[in-house]
Amino acid sequence: MSIFGDGLDAAVQKAFTRPAPKSAGAQMRYLVKQMKGTRAVAQLLRVSQRTVERYVKDQIKKPRPDLAARLEREVKKRWQPQIRAKARQKAASTDGIVIDTRARMGYTAPIGTTDQDRIRHLTVALPPHHAARLFDAQEAGAGDDRLREITADALKEVYFQDGGRRAGSLEEVRFTDIEHLDFEL
């Protein structure tokens, strides 16, 4: 499970203009159309080609939980690509992104400051260039650790240093335990 990657995906999915298919048959038909064949879908979902064909014909209605999760994830990943691209572009160029998190955070700072990790609930609007960094890293296939670093750097600049206006030089901000994380475009 990728907390930061899934959070970014969920934020983008809120911009969808139509809901993604819900039933297993409709989801399979959508994937078959997108991938131009049942063989490619079968390889993607790690099931047999015959199983895909049976879902397409509604001969099987209810997938097992692991297959249902893979199916939903793959459909949402491909659903409304133009709307997804516009939402990302708007966040990266004009609107920015809002992060709402409840996490244990600490920071490395000069001697004499209290840098103890503690639970903080932050809702911070990140400027567009931070949203662009997050989306670019996600597109490049960055893992959750890298997305966590980028988010921590953004929070360091925007929240802890108030855009560079606060005195002191924070070296890094670190997330240790995340109870809640939500991104909003």
Side-chain angles (χ1 to χ4, degrees), residues 1-22 65 68-70 72-185:
M1 184 173 115
S2 169
I3 294 173
F4 287 83
D6 291 347
L8 288 171
D9 287 339
V12 170
Q13 289 169 10
K14 290 176 187 172
F16 288 169
T17 57
R18 290 180 297 139
K22 298 280 187 229
R70 286 194 311 265
E72 183 176 356
R73 184 180 62 246
E74 294 301 330
V75 167
K76 284 189 175 178
K77 190 186 299 183
R78 291 166 175 77
W79 188 249
Q80 293 191 325
Q82 293 172 334
I83 301 292
R84 180 186 308 273
K86 282 181 186 176
R88 285 177 174 228
Q89 180 60 35
K90 187 175 178 188
S93 62
T94 58
D95 290 354
I97 192 167
V98 175
I99 179 173
D100 179 50
T101 185
R102 181 169 165 79
R104 181 170 295 281
M105 282 184 250
Y107 49 88
T108 306
I111 295 174
T113 60
T114 58
D115 59 354
Q116 179 93 20
D117 286 6
R118 67 177 193 222
I119 295 287
R120 299 171 191 257
H121 183 194
L122 302 177
T123 302
V124 180
L126 301 178
H129 68 276
H130 290 297
R133 282 185 63 205
L134 281 165
F135 287 132
D136 290 346
Q138 187 183 34
E139 281 292 315
D144 216 40
D145 290 338
R146 180 67 185 131
L147 294 173
R148 179 188 304 245
E149 287 173 22
I150 294 169
T151 304
D153 286 345
L155 286 174
K156 174 181 123 179
E157 180 185 317
V158 174
Y159 178 78
F160 290 101
Q161 291 181 322
D162 194 18
R165 287 187 288 276
R166 287 194 187 158
S169 61
L170 283 178
E171 296 168 16
E172 74 169 338
V173 172
R174 61 188 175 276
F175 285 92
T176 50
D177 296 320
I178 299 171
E179 295 177 5
H180 166 77
L181 178 75
D182 189 31
F183 289 100
E184 188 78 34
L185 299 182

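Source: prediction; values computed, not measured.
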S.K.: So does Glu179 have more than 12 non-hydrogen atoms from other groups sitting under 6.0 Å from CD?
M.R.: yes
S.K.: Would you name the heavy atoms of Phe135 and Ala91 that are closest together and state the gap between them?
M.R.: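 For Phe135 and Ala91, the tightest heavy-atom pair comes out as CE1-CB, 3.9 Å.
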S.K.: In Å, rounded to the nearest 0.5 Å, how long is the span from CG of Leu147 to CZ of Arg133?
M.R.: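 Leu147 atom CG to Arg133 atom CZ measures 10.5 Å (nearest 0.5 Å).
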S.K.: Restricting to non-hydrogen atoms, name the atom on Thr151 and the atom on Phe183 that form the minimum distance, rounded to 0.1 Å.
M.R.: OG1-CZ, 4.2 Å
S.K.: If you compare all heavy atoms of Ala20 against all heavy atoms of Val75, which two are closest, and at what distance to 0.1 Å?
M.R.: CB-CG1, 4.3 Å
S.K.: Quick one: pull up CD1 in Ile178 and CZ in Arg104 and give me the separation to the nearest 0.5 Å.
M.R.: 12.5 Å
S.K.: Do the side chain of Asp182 and the main chain of Asp100 share a donor and acceptor less than 3.5 angstrom apart?
M.R.: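 Such a contact is absent between Asp182 side chain and Asp100 backbone.
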S.K.: Answer whether the closest heavy-atom distance between the side chains of Ile99 and Leu122 falls below 4.5 Å.
M.R.: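 They are not in side-chain contact.
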S.K.: Decide yes or no on side-chain contact (heavy atoms from CB on, under 4.5 Å) for Ile97 and Leu8, but give the supporting numbers first.
M.R.: CA-CA 9 Å; Ile97 192 167; Leu8 288 171; 3.7 Å; yes
S.K.: To the nearest 0.5 Å, how far apart are CG in Asp136 and NE2 in His129?
M.R.: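 One gets 12.5 Å once the value is rounded to the nearest 0.5 Å.
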S.K.: Roughly how far, to the nearest 0.5 Å, is the CG atom of Leu126 from the OH atom of Tyr159?
M.R.: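 Answer rounded to 0.5 Å: 13.0 Å.
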S.K.: Which atom names give the shortest non-hydrogen contact between Glu139 and Arg88, and what distance separates them?
M.R.: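 Closest approach of Glu139 to Arg88, heavy atoms only: OE2-NH1, 2.9 Å.
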S.K.: For Glu184 and Lys14, run side-chain contact (heavy atoms from CB on, under 4.5 Å): C-alpha distance rounded to whole Å, both residues' side-chain angles, the deciding distance at 0.1 Å, then the answer.
M.R.: CA-CA 8 Å; Glu184 188 78 34; Lys14 290 176 187 172; 3.1 Å; yes
S.K.: Heavy atoms only: give me the nearest Asp95-Lys90 pair and the separation to one decimal.
M.R.: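 It is OD2-CE, 2.8 Å.
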S.K.: On a heavy-atom basis, which atom in Arg84 and which in Val12 lie closest, and how many Å separate them?
M.R.: CG-CG1, 3.3 Å
S.K.: Checking side-chain contact (heavy atoms from CB on, under 4.5 Å) for the pair Trp79/Arg18: CA distance, chi angles, key distance, verdict?
M.R.: CA-CA 9 Å; Trp79 188 249; Arg18 290 180 297 139; 4.2 Å; yes
S.K.: Working to the nearest 0.5 angstrom, can you tell me the gap between Asp144 CG and Ile3 CD1?
M.R.: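 So the CG of Asp144 and the CD1 of Ile3 are separated by 6.0 Å.
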S.K.: With heavy-atom distances below 4.5 Å as the criterion, would you say the side chains of Phe4 and Ile150 are in contact?
M.R.: no
S.K.: How far apart are the C-alpha atoms of Gln138 and Asp9, what are their side-chain angles, what is the distance that settles it, and do they pass the side-chain contact (heavy atoms from CB on, under 4.5 Å) test?
M.R.: CA-CA 10 Å; Gln138 187 183 34; Asp9 287 339; 3.1 Å; yes
S.K.: Considering only NZ, NE, NH1 and NH2 on the basic side and carboxylate oxygens on the acidic side, decide whether Arg70 and Glu74 come within less than 4.0 Å.
M.R.: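 Between Glu74 and Arg70 there is no salt bridge, as every charged N stays at least 4.0 Å from the carboxylate O atoms.
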S.K.: Return the CD1 to CD distance between Ile83 and Gln13, rounded to the nearest 0.5 Å.
M.R.: 13.0 Å
